[in-house]
Amino acid sequence: MNYKIVMDSSSNLTELEGAAFVSAPLKVLSGEREFVDDGSTDIEEMVDYLSTYNGRTVTACPGVGDFEEAYQGADNVFCFTITSALSGSYNAASVAAINFAEANPGKRIHVFDTLTTGPEMALLGEKLVSLVKENLPFDEIVEKVKEYMTKTRLAFSLESLHNLAQNGRVPAPVAKIAGILGMRLIGIASDEGTLKPTGKARGEKKVPLEMLKQMLDMGYNGGKVLIHHCCNLPAAEKLKEVLCEKFPAANIRIALTGALCSFYAEKGGLLVGFETI
Ligand code: X90
């Protein structure tokens, strides 16, 4: 199949093995500086700068034109966006898909509202690549990815919800619970694609075990895991270690958050996408 995969940059991917892949960048915008989430940003410098910047910082999803451009050049296009509950990305990608289909009769396109972000999106992309390799028809690939989406989950640990609250992505009372010094908020992406707090870890050291507990509660049983971290390799490695102790054969990989996820997850944050099969 002649195909390409398009994702907005909240997936934290710059490439996807075995596929033609295009990332449509979101942007992080402070009054003085603009960070395009295209891999060109020094993430630690960005989060440090933004934590001392007094003005307001906002984010912007790709526009319709950005997605239209990203779709060009393949007969079959699969697009994945961050949850539509927290961003306009899915909406822009969908409008662009209608335009693309009108301008390119005979070409196929599908946009997935992933109801999640980051590493769980990356897992969906990897699944799609393996389905294409099985030579399945377009519609069946879409159905199978949707089915797989019900078996993958996202859990996270955040030091603060400041940036999420400031931009209206979580209710203020939720942000207040998380604001207690030394406390890490543990949470998950809900079935509706919103951020759902589920627990706390008192201090950084407790994070890996709390995350493991969270994952087991959600049905983790040794499947694939992708850990994305914002400037926190030690916590990511520790989580991998406790997972490996329990599931020695598990495929667990660690990667970095890009600009968008780093801004919202903030320094120290962990996002974990995993299978429950
Ligand atoms: O359109 C835009 O400007 C982008 C807005 C994105 C807002 C949410 C980003 C979340 C990044 C933080 C923790 C995970 C929450 C998962 C909930 C589904 C990562």
Side-chain angles (χ1 to χ4, degrees), residues 7-13 23-30 34-38 43 46-47 50 56-64 66-67 80-96 112-124 149 152-171 174-175 178 184-199 201 207 211 214-215 218 226-232 235-236 255-274:
M7 289 198 190
D8 69 46
S9 64
S10 75
S11 72
N12 300 319
L13 292 176
S23 173
L26 288 102
K27 286 179 189 153
V28 178
L29 308 156
S30 75
E34 170 175 309
F35 304 92
V36 182
D37 194 7
D38 59 2
I43 298 299
M46 180 192 84
V47 289
L50 291 175
R56 174 124 189 239
T57 301
V58 299
T59 58
C61 66
V64 174
D66 300 321
F67 278 110
F80 294 84
T81 69
I82 184 170
T83 171
S84 63
L86 297 179
S87 169
S89 187
Y90 174 70
N91 194 43
S94 299
V95 173
F112 296 94
D113 175 1
T114 67
L115 301 176
T116 186
T117 189
E120 192 184 356
M121 278 171 78
L123 289 179
L124 302 179
M149 272 172 71
T152 59
R153 302 299 302 268
L154 181 80
F156 53 81
S157 157
L158 305 177
E159 268 178 53
S160 142
L161 295 183
H162 177 263
N163 292 340
L164 280 159
Q166 193 190 55
N167 282 290
R169 317 286 165 170
V170 292
V174 173
R184 302 288 181 282
L185 179 87
I186 309 289
I188 63 173
S190 73
D191 292 342
E192 294 78 42
T194 55
L195 183 153
K196 184 174 166 190
T198 55
V207 167
M211 292 292 282
Q214 178 62 52
M215 290 170 69
M218 291 162 94
L226 268 179
I227 305 170
H228 288 176
H229 68 92
C230 178
C231 311
N232 199 353
L256 301 166
T257 48
L260 189 276
C261 282
S262 296
F263 169 66
Y264 283 110
E266 301 185 30
K267 204 169 188 175
L270 289 185
L271 304 182
V272 187
F274 59 95

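Note that the numbering runs from 1 along the sequence shown for the chain. Both ligands and their constituent atoms are indexed starting at 1 by order of listing.
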### Query
Got a sec, which residues hit ring pair (Phe, Tyr, Trp, His ring centres under 6.0 Å) with Y90, two or more places apart in sequence or on another chain?
none
### Closest heavy-atom pair and its distance - L270, N232
CD2-O, 4.2 Å
### Task
Could you tell me which non-hydrogen atom of P119 sits nearest to which non-hydrogen atom of G273, and how far apart they are?
CG-N, 3.4 Å
What side-chain donor-acceptor pairs closer than 3.5 Å can you find for residues 162-169, not counting sequence neighbours?
from: N163; atom 1: ND2; to: F263; atom 2: O; distance (Å): 2.9
from: N167; atom 1: OD1; to: R56; atom 2: NH2; distance (Å): 3.4
from: N167; atom 1: ND2; to: T57; atom 2: O; distance (Å): 3.1
from: N167; atom 1: ND2; to: N163; atom 2: O; distance (Å): 3.2
from: R169; atom 1: NE; to: N167; atom 2: O; distance (Å): 3.2
from: R169; atom 1: NH1; to: L86; atom 2: O; distance (Å): 2.5

Please tabulate, one line per pair, the protein N or O atoms found under 3.5 Å from any N or O atom of ligand 1, giving the distance to one decimal.
from: ligand 1; atom 1: 1 (O); to: S87; atom 2: OG; distance (Å): 2.7
from: ligand 1; atom 1: 3 (O); to: T59; atom 2: O; distance (Å): 3.2
from: ligand 1; atom 1: 3 (O); to: T59; atom 2: OG1; distance (Å): 2.5

### Query
Is there a donor-acceptor pair under 3.5 Å between the side chain of T114 and the backbone N or O of T81?
yes
### Message
Give me each pair satisfying salt bridge (charged side-chain N to carboxylate O under 4.0 Å, His left out) with a member in residues 256-270, each pair once, sequence neighbours excluded.
### Response
E44-K267, D48-K267
